[in-house]
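A short write-up of the structure that comes next.
We use all heavy atoms of the structure for the numbers below, so side chains are in, but hydrogens, waters and symmetry mates are not. As the structure lists them, so they are numbered: ligands from 1, and atoms in each ligand from 1. The model shown is predicted, which means the values in this text are computed figures rather than measured ones. Counting begins at 1 with the first residue of the sequence.
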Amino acid sequence: MPYPGRGHINPMINLCKLMSFKHPDIVVSLVVTEEWKSFLSSYILPSKIHLNTIPNVIPSELIRAKDFPGFLEAVATKMEAPFEQLLDRLDSPVNAIIADTYLDWVIGVGNRRNIPVASLWTMSAAVFSILHNFDLLVGYGHFPISLSERGEERVDYIPGIPPTRLLDFPTIFNGTGRQTLYKALKSVSMVSKAQYLLFTSAYELEPSVIDALKLNFCFPLYSLGPMVPYFELDPNSNLATSDDQKVPEYLQWLNSQQKNSVLYVSMGSFLSVSSAQMDEIVAGVINSGVRFLWVSRGEKGLFEDGCGDLGLVVPWCDQLRVLCHPSVGGFWTHCGWNSTLEAAFAGVPMLASPIIWDQTSNSKKIVEDWKIGWRVKQGVEGENLVTREEIAKLVQSFMDKENSEVIEMREKAKEVQEACQAAISERGSSDSNLDFFLRDISQGQAK
Ligand SMILES: O=c1ccn([C@@H]2O[C@H](COP(=O)(O)OP(=O)(O)O[C@H]3O[C@H](CO)[C@@H](O)[C@H](O)[C@H]3O)[C@@H](O)[C@H]2O)c(=O)[nH]1
């Protein structure tokens with residue numbers, strides 16, 4: 001049962017597919033709303049993954065951004081009854097439920113029915129830990145605070161997390177973000193009543209925070225990532241599930257570009273930056289003279305003057321395939337956790353331009369901890385616009401293959417890529433954790 005949002009459904013589908021590939025006998029029922037079923041119509045799922053639906057009891061995905069608190073309220077209160085009715089209708093008994101951590105009511109359903117629940121956290125383990133240790137922030141006087149006065153102060157007492165500026169904490173700790181904070185804290189605190197905690201991260205990417213968290217729970221924590229669709233990259237692999245033989249135009253375009261020369265730009269699937277800032281970004285990237293592939297969801301008027309001869313603008317692309325293409329040398333990203341994992345897997349350095357929520361913390365991890373990216377903006381989000389001139393200069397240096405800082409960053413990105421490969425390789429940490437998890441749930445082992 002994924003949370004109804006692209007950044008949550010994608011990793012849940014990847015997990016379902018991996019489970020199915022590992023154990024073809026396991027039947028997986030993936031539960032989405034009718035509306036999400038229609039969005040997923042082009043996905044090809046292995047035959048043992050059944051797409052089950054509940055009615056559209058929540059506001060449409062197409063308008064949810066207009067009233068986000070209302071959307072969250074509906075997700076918290078309207079989905080449980082139809083989910084239970086669906087459980088009653090399923091043909092075979094359920095061994096375990098895997099549910100997004102934000103759908104915390106599923107834990108109550110599982111406990112009432114004596115079905116173990118695995119809570120799937122689709123953000124970084126660090127962000128989980130920050131929420132889990134919220135009381136420490138309050139105790140040390142770091143909540144509530146004014147970011148403009150104290151944003152540069154570093155928090156160094158959250159177990160396993162390197163010293164972090166308050167500016168780099170998830171945005172829900174401040175301003176209007178606080179509307180969401182208490183819901184998130186409740187969901188994270190409910191995890192202690194589940195039977196497993198699953199991460200889409202990999203142990204190698206966040207070892208100290210995962211080790212520290214393990215001491216807080218009396219049940220298994222399994223990191224299974226990077227939970228990105230790497231198993232679909234090789235069209236000849238028996239794990240590939242796409243039957244689309246046609247090479248999309250953007251991949252053909254990438255084929256004709258030089259190695260590491262293209263900047264891939266994508267700002268996520270949901271919330272976007274202000275239109276004034278977007279205008280600066282577009283002009284800055286075009287003026288930089290660097291070749292680019294840009295995913296734009298038709299933001300109004302953005303490319304009405306065209307994008308010059310250097311770039312290609314598409315409404316959607318197969319992101320992991322793009323990031324793994326040898327011509328792509330950089331990724332301008334909003335730092336959604338899936339995009340971050342995909343770039344880490346592909347070994348592509350990032351220009352970090354976080355917008356909201358966990359993206360600020362992910363940006364810190366990319367730039368300071370992994371050292372595989374640069375920040376587009378240093379200060380408080382929303383303060384001043386980054387100008388087109390600043391952006392053009394930044395993009396030029398970031399894509400400059402001769403620049404020694406860039407050379408070093410590319411080497412680091414390769415190391416991170418190797419760590420991801422190690423995690424998913426046979427008997428690697430994530431591969432073994434998935435085996436342990438499947439063994440546990442097939443033996444009905446709850447704790
Ligand atoms: O053209 C595109 C653009 C995006 N994607 C995919 O869409 C997903 C986007 O996920 P993510 O990068 O995590 O961004 P959001 O959709 O914005 O993710 C939401 O969910 C994430 C996981 O909880 C959070 O980290 C983010 O802050 C939150 O905005 C990724 O798998 C991308 O590969 C494509 O396949 N093609």
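Among Y3, W316, Y250, the residue whose heavy atom sits closest to atom 5 (N) of ligand 1 is W316.
For the pair E342 and ligand 1, the shortest N or O to N or O distance falls below 3.5 Å. Remark: ligand 1 and T122 share an N or O pair separated by less than 3.5 Å (distance only, no angle test). Among the atoms of Q359, some N or O lies under 3.5 angstrom from an N or O of ligand 1. Between H334 and ligand 1, at least one pair of N/O atoms sits closer than 3.5 Å. Every N/O-N/O distance between L320 and ligand 1 stays at or above 3.5 Å.
When T101, L120, I9, L72 are each tested for a side chain to side chain contact (heavy atoms under 4.5 Å, CB included) with Y3, only one passes: L72. The ring pair (Phe, Tyr, Trp, His ring centres under 6.0 Å) test with Y196 singles out one residue from F436, F437, F219, and that residue is F437.
Remark: aromatic rings of Y250 and W253 are distant, center separation not under 6.0 Å.
Donor-acceptor pairing under 3.5 Å is lacking for the side chains of Y230 and Q421. Checked by atom type, the side-chain pair H142/Y157 shows a donor-acceptor distance below 3.5 Å. T200 and T122 share no donor-acceptor pair across their side chains, judged by distance under 3.5 Å alone. Y203 and N433 are not linked by any side-chain donor-acceptor pair at a separation below 3.5 angstrom, with hydrogens and angles left out of the test.
Contact analysis leaves G5 out of contact with ligand 1, as no non-hydrogen atom separation drops below 4.0 angstrom. Proximity of D358 to ligand 1 is established by a heavy-atom distance of less than 4.0 Å.
Between F134 and F173, the ring-plane angle classifies as parallel under the 30° and 60° cut-offs.
In summary, the atoms of ligand 1 found under 4.0 Å from a heavy atom of W337, numbered by their order in the structure, are 13 (O), 24 (C), 25 (O). Taking every non-hydrogen atom of H8 and a distance limit under 4.0 Å, the qualifying atoms of ligand 1 come out as 20 (O), 23 (O). Atom numbering of ligand 1 starts at 1 in the shown order; those under 4.0 Å from a heavy atom of G336 are 11 (P), 12 (O), 13 (O), 14 (O), 25 (O), 26 (C). Numbered from 1 in the order shown, with element, the atoms of ligand 1 that lie under 4.0 Å from a heavy atom of M123 read 23 (O).
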